[in-house]
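Each remark here refers to the structure printed beneath this line.
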Amino acid sequence: MKRFMLTVAYDGTAYAGFQVQKNCPTIEGELNRALSGLLREDIRVIGASRTDSGVHALCNVAVFDSDTTIPAEKLAYALNARLPEDIRIQKSEETAPDFHPRHCESRKTYEYRITRGEFPIPVKRLYSCFTYHALDVDKMREAALYLIGEHDFKSFCAAAAVVESTVRTIYSVEVAEEGTDVVIRICGNGFLYNMVRIIAGTLMEVGRGRWSPEAVKEALAACDRTKAGPTAPACGLMLVKYEFFS
C-alpha cells in the first residue's frame with residue numbers, strides 16, 4: 001500500500017466546502033468519486049485544509065492510500081479527465097506512508113480580496129468582496145499588526161466551532177492595494193473556523209473608520225466573538241500557499 005499526495009486547485013463557488021457532507025456537493029466528495037472510479041477501489045482522501053463553503057484554493061492538499069500501479073505523477077492527468085472543470089489537480093506524487101497533512105508542522109497563507117467601487121464589477125463577484133465604502137488602508141495595516149504572534153483567537157472564531165484550543169500563531173499580515181482592490185494576505189500555523197473571514201471583516205470596519213486600529217487589540221484580548229467584527233463573505237477568500245516542514 002502506497003500513500004499519494006495531491007495538490008488541488010478549485011473554484012469553491014458551487015461547493016459546500018471541502019469536507020464531505022450529506023446531500024451537498026463538496027471538493028472531498030468529488031475527489032473520492034473520481035479516485036474510486038479511476039482506481040476501482042473505495043478511496044477516501046484526507047484533506048489538509050477543510051475550507052468553508054464558497055472558499056477557493058490554489059493549492060490545498062489531500063492524501064490517500066492505494067495499491068495502484070499507475071505512476072504517481074500520471075494520476076493528476078487521469079483524475080483531471082474525471083473531475084469537473086472547477087476542480088483541477090496541479091500535482092500528484094508519492095509521499096511517506098505515515099504522512100498526514102494535518103498532523104505535521106505547516107504554514108498556510110490565505111488571501112482575502114476586496115473590490116472597491118461605486119458599483120460591483122460582475123466578473124469579480126465570485127472572487128472578491130465588493131464594498132462601495134472608502135477604505136483607509138494605512139489604518140488597516142496598523143490594525144493588522146496587533147494580530148501578529150501567538151494569541152488566543154477566540155474572538156475571531158465562529159461561536160459554534162468546537163476545537164481543543166483557540167490559540168494560533170500568525171506570522172504575517174499584509175494589506176496591499178492592487179488597483180481598485182485591497183488584498184489582505186495572512187500567513188499562520190493554522191486557522192480557526194471563519195477566522196480569516198472575521199479578521200477581514202474586522203479590518204474592513206477599521207478601514208471604514210467605524211473602528212480604531214487599537215480596537216482590534218481590545219477585541220483580541222476579550223476572547224469573545226461578539227467583540228470582533230462581522231464575518232466577511234466567503235467569495236473573497238482563497239488559500240494561496242501551503243508549506244510543510246515535517
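This is a predicted model, so every value here is computed, not measured.
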Tightest non-hydrogen contact, residues A219 and W211, listed as CB-CZ3, 4.1 Å
Partner of I87 under side-chain contact (heavy atoms from CB on, under 4.5 Å), chosen from N80, L79, D11, V8 = V8
Kindly indicate whether a cation-pi arrangement holds for R3 with F99, taking the cut-offs as under 6.0 Å to the six-membered ring centre and within 45° of the axis.
-> no
Which atom pair, heavy atoms only, marks the closest approach of E41 to S66?
-> OE2-OG, 2.6 Å
Any idea which heavy atoms bring P101 and I46 closest together, and the distance?
-> CG-O, 3.9 Å
With respect to F156, which candidate in L147, T231, L192, T166 satisfies the side-chain contact (heavy atoms from CB on, under 4.5 Å) definition?
-> L147
Does F191 belong to the same Ile/Leu/Val/Met/Phe/Trp/Tyr cluster as V163, with side-chain heavy atoms less than 4.5 Å apart forming each link?
-> yes
Path from L220 to L145 over hydrophobic side-chain contacts below 4.5 Å = yes
For residues 18-75, which residue pairs qualify under ring-ring contact (aromatic ring centres under 6.0 Å, His included), counting only residues two or more places apart or in two chains?
-> F4-F64, H56-Y127
Tell me, do Y10 and Y15 make a side-chain contact under 4.5 Å, heavy atoms counted?
-> no
Do V216 and V175 sit in the same hydrophobic cluster, where Ile, Leu, Val, Met, Phe, Trp and Tyr count as joined when their side-chain heavy atoms come under 4.5 Å apart?
-> yes
V206 and E142, any side-chain heavy atoms less than 4.5 Å apart = no
List the atom of S128, the atom of C235, and the distance in Å for their closest heavy-atom pair.
-> O-SG, 3.3 Å
Report the distance from atom OH of Y110 to atom OG1 of T51, rounding to the nearest 0.5 Å.
-> 6.0 Å
Are F130 and L237 connected, step by step, through hydrophobic side chains (Ile, Leu, Val, Met, Phe, Trp, Tyr) whose heavy atoms are closer than 4.5 Å?
-> no
Over 12 foreign heavy atoms within 6.0 Å of NZ, K124 | yes
F244 side, atom CZ; S106 side, atom OG - distance, nearest 0.5 Å = 5.5 Å
For the atom pair CD (E177) and CD1 (I114), what is the distance rounded to the nearest 0.5 Å?
-> 10.5 Å
Minimum side-chain heavy-atom gap P230-E205 below 4.5 Å = yes
Are there more than 12 heavy atoms of other residues, nucleotides or ligands under 6.0 Å from atom NZ of K2?
-> yes
Side-chain heavy-atom pair N60, I27 within 4.5 angstrom cut-off = no
What is the distance from atom CZ of R185 to atom OG of S172, rounded to the nearest 0.5 Å?
-> 8.0 Å
For the residue pair V20 and N32, establish whether any side-chain heavy-atom pair is separated by less than 4.5 Å.
-> yes
Could you pull out the closest heavy-atom pair between I43 and S36, with the gap in Å?
-> N-OG, 3.0 Å
Give a yes or no on this: more than 12 heavy atoms of other residues, nucleotides or ligands lie within 6.0 Å of atom NZ of K108.
-> yes
Audit row: I170, H151, side-chain contact (heavy atoms from CB on, under 4.5 Å) steps and yes/no | CA-CA 8 Å; I170 298 301; H151 303 287; 5.9 Å; no
Treating Ile, Leu, Val, Met, Phe, Trp and Tyr as nodes and any side-chain heavy-atom pair under 4.5 angstrom as an edge, say whether Y171 and V167 lie in one connected cluster.
-> no
Is a side-chain donor or acceptor of N194 paired with a backbone partner of A158 at a separation under 3.5 angstrom?
-> no
Tell me, with the steps shown, if E28 and R44 meet side-chain contact (heavy atoms from CB on, under 4.5 Å).
-> CA-CA 8 Å; E28 186 177 12; R44 295 291 180 267; 5.9 Å; no
Quick one: are V196 and V55 in side-chain contact, heavy atoms under 4.5 Å?
-> no
Please assess R33 against E30 for the test salt bridge (Lys or Arg N to Asp or Glu O under 4.0 Å), listing each intermediate value before the final yes or no.
-> CA-CA 5 Å; R33 178 193 58 78; E30 290 296 328; 2.9 Å; yes
Using a 4.5 Å cut-off on heavy atoms from C-beta on, say whether the side chain of L31 contacts that of L83.
-> yes
side-chain contact (heavy atoms from CB on, under 4.5 Å) between H133 and M204: does it pass, once the steps are laid out?
-> CA-CA 9 Å; H133 295 287; M204 288 175 70; over 6 Å; no
To the nearest 0.5 angstrom, please state how far the OG1 atom of T26 sits from the CD atom of Q21.
-> 7.0 Å
Can M140 and I184 be said to form a side-chain contact (heavy atoms from CB on, under 4.5 Å), step by step?
-> CA-CA 9 Å; M140 293 173 70; I184 300 167; 4.2 Å; yes
Separation between CE (M5) and CD (E94), nearest 0.5 Å, reads 11.0 Å
Worked verdict on S155 versus D224 for side-chain hydrogen bond (donor to acceptor under 3.5 Å, both in side chains) = CA-CA 4 Å; S155 295; D224 181 344; over 6 Å; no
Do V137 and R116 have side-chain heavy atoms sitting under 4.5 Å apart?
-> yes
Minimum heavy-atom distance A62-V45, with the two atoms named | CB-CB, 4.1 Å
